[in-house]
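Everything numeric here is computed off the predicted structure, so don't read it as measured data. Start at 1 and go down the list; that is how both ligands and their atoms are numbered.
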Amino acid sequence: MISRVKGTQDFLDLTLFNYIVEQAKEHFALYHFHEIATPIIEPLDLFKRSLGAHTDVVGKEMFVIESRHEQEDQRICLRPEMTAAVMRAFIENGVQQTPWSVFSYGPMFRHERPQKGRYRQFHQINLEIIGSHAIAQDAQCIAMLDRFFSERLGLSTYALLINFLGCSEDRVRHKQKLAAFLESKQSAICDTCKVRSQNNILRIFDCKNESCQAIYREAPTITQELCTACAQEWQDLQHYLQMLSISYSCVPTLVRGLDYYNKTVFEFVSSNLGAQSTFCGGGRYNQLASLLGAKQDYPSIGAAMGIERLMLLLEQKADGVALKSQCPLYVVMPMSAAQIPLALLIADMLHAHKLCAQALVEGDSLKSMMRTANKMGASRALIIGEDEQKQQTVMVKNMTTGAQEQVPQIKLVELLKRG
Ligand code: HAM
């Protein structure tokens with residue numbers, strides 16, 4: 001027996017998954033986003049350059065594809081996220097329209113230690129607004145997401161965390177202060193943080209170690225280092241969020257795990273998810289375009305939500321989810337092999353009229369077919385025996401009440417459509 005790859009899942013029922021995607025499509029359309037798709041395989045270099053070589057995703061979690069046909073410098077990988085890919089697509093296709101508001105959904109791959117809500121193949125709904133420098137856009141994006149979670153999905157037990165990472169000059173000043181702060185703390189922090197404090201100091205805030213986090217709560221914060229322009233934008237962002245009645249908490253240690261961010265960063269978290277509490281994360285990335293080789297910068301903002309984590313939240317909802325009710329199922333039951341051709345024709349006629357039907361053609365007894373129809377949640381059984389075949393009728397049995405009536409085959413569709 002060959003088992004599935006560790007950290008992956010079989011979805012044997014996609015109802016909830018599709019519900020989330022459908023809700024997102026409807027919701028984002030109201031904000032004039034349109035759907036795009038990019039490849040699942042991308043050049044490894046795309047993520048090395050954009051996410052940062054010292055991030056966990058690039059340093060430890062990439063699925064690099066072994067291929068005889070690729071040169072070392074053109075290695076390809078399974079995408080771990082979509083932002084870099086969307087920016088690549090924007091530049092490569094010479095998109096002229098800005099802001100370019102697009103969304104996509106699909107599988108991402110990260111070689112993480114699997115646990116509840118954390119997989120090696122997982123699915124994101126990702127959205128980006130490329131080519132917009134206005135901080136009001138950040139507020140609009142966050143408001144759109146908040147309304148999606150609260151109204152579309154009906155979630156209530158979540159919080160929005162925000163922080164402001166400033167511009168590159170702000171971060172240089174902040175990093176210097178942070179390095180000075182960490183000098184006296186070297187013996188108290190974990191080995192990973194020691195390495196990070198040398199390579200990419202902001203990444204110390206991603207540490208999962210509670211004792212390190214306790215130390216970092218006292219660390220100098222980036223928002224204390226903002227230049228005048230950034231400080232104004234940080235204030236404006238909060239003002240817009242308050243004006244839009246969005247509750248949020250400022251978290252100075254929130255830096256997000258990817259290097260391309262500057263200015264606004266945010267996460268939507270829920271304590272109902274356990275250790276993997278973030279179900280949506282995003283922020284602004286003003287230099288990514290030039291980092292990937294564009295002739296100019298395209299200031300941008302975006303976010304991604306984990307579909308599996310949203311599914312976990314929706315499954316816990318006490319009042320359930322108003323899933324679209326499925327159309328009633330009609331099960332056609334030939335009493336013997338002689339009626340199988342007619343059963344196929346009747347099921348085909350129902351399908352031609354966009355009714356949901358299935359013919360049971362395994363040659364089972366009526367009792368067994370009734371059991372099967374019950375398990376399938378059929379609304380009516382359409383029984384065809386020798387008599388019905390001769391008289392060109394069907395015995396229609398209501399699976400809830402047990403009532404049955406003989407109906408001429410030519411009247412069947414009309415009767416079923418009447419409900
Ligand atoms: P991220 O925070 O790495 O951001 O991922 C976004 C979301 O994907 C997370 O909040 C989580 O719900 C889900 N997720 C991440 N890793 C896993 C995993 N191993 N298993 C299950 N779910 C997971 C990004 O990917 C950025 N590209 C978001 C963005 C878009 N920023 C700007 N634009």
Report yes if some heavy atom in the side chain of Tyr31 is under 4.5 Å from a heavy atom in the side chain of Ser101; otherwise report no. no

Options Arg110, His123, Arg120, Glu128, ranked by nearest heavy atom to atom 3 (O) of ligand 1, top entry: Arg110

Restricting to heavy atoms, the pick from Glu112, Arg284, Glu308, Met108 nearest atom 19 (N) of ligand 1 would be Glu112

Asn200 and Asp259 side chains, donor-acceptor separation under 3.5 Å: yes

For Glu210, is there an ion pair with Arg217 - N to carboxylate O distance below 4.0 angstrom? yes

Tell me, please: is Arg256 in heavy-atom contact with ligand 1, that is, under 4.0 Å? yes

Which of the atoms in ligand 1, numbered in the order shown and given with their element, are less than 4.0 Å from a heavy-atom of Gly281? 10 (O), 28 (C), 29 (C)

Phe109-Phe122 aromatic ring centre distance below 6.0 Å: no

With a 4.0 Å cut-off on heavy atoms, is Tyr260 touching ligand 1? yes

Ligand 1 contact on Ala304 by region, counting heavy-atom pairs under 4.0 Å: both

Among all protein non-hydrogen atoms, which one is nearest to atom 14 (N) of ligand 1, and what is the separation to 0.1 Å? Phe122 CE1, 3.4 Å

Considering only non-hydrogen protein atoms, determine which one is nearest to atom 13 (C) of ligand 1 and report residue, atom name and distance to 0.1 Å. Gly306 CA, 3.7 Å

Residues Arg418 and Glu414 bridged, charged N to O under 4.0 Å: yes

Quick one: which ligand 1 atoms are inside 4.0 Å of a heavy atom on Cys280? 10 (O)

Quick note on ligand 1: atoms under 4.0 Å from a heavy atom of Arg309 include exactly 11 (C), 12 (O), 17 (C), 18 (C), 20 (N), 21 (C), 22 (N), 23 (C)

Provide, to 0.1 Å, the distance between atom 20 (N) of ligand 1 and the closest protein heavy atom, together with that atom's residue and name. Tyr119 N, 3.0 Å

Nearest non-hydrogen protein atom, atom 5 (O) of ligand 1: Gln124 NE2, 3.1 Å

Side-chain heavy atoms of Met87 within contact of Tyr260, under 4.5 Å: no

Give the atom numbers and elements of ligand 1 that come within less than 4.0 Å of a heavy atom of Phe279. 10 (O), 12 (O)

Just jot down the ligand 1 atoms closer than 4.0 angstrom to any heavy atom of Tyr261, in number order. 26 (C), 28 (C), 29 (C), 31 (N), 32 (C)

Looking only at side-chain N and O atoms, does Asn126 offer a donor or acceptor that is under 3.5 Å from a partner on Ser104? no

So, for Phe103 and His27, is the gap between ring centers shorter than 6.0 Å? no

What part of Asn126 sits under 4.0 Å from ligand 1 if we count only heavy atoms: the side chain, the backbone, both or neither? side chain

Would you call Arg110 and Asp56 a salt bridge, using N to O less than 4.0 angstrom? no

Does Phe266 have its ring centroid less than 6.0 Å away from the ring centroid of Tyr248? no

Subset of ligand 1 atoms that lie under 4.0 Å from at least one heavy atom of Gly117: 20 (N), 21 (C), 22 (N)

Per-atom contacts of ligand 1 with Gly282, taking only distances under 4.0 Å to non-hydrogen atoms: 31 (N)

Under a 4.0 Å heavy-atom limit, does Gln276 contact ligand 1 with its side chain, its backbone, both, or neither? neither

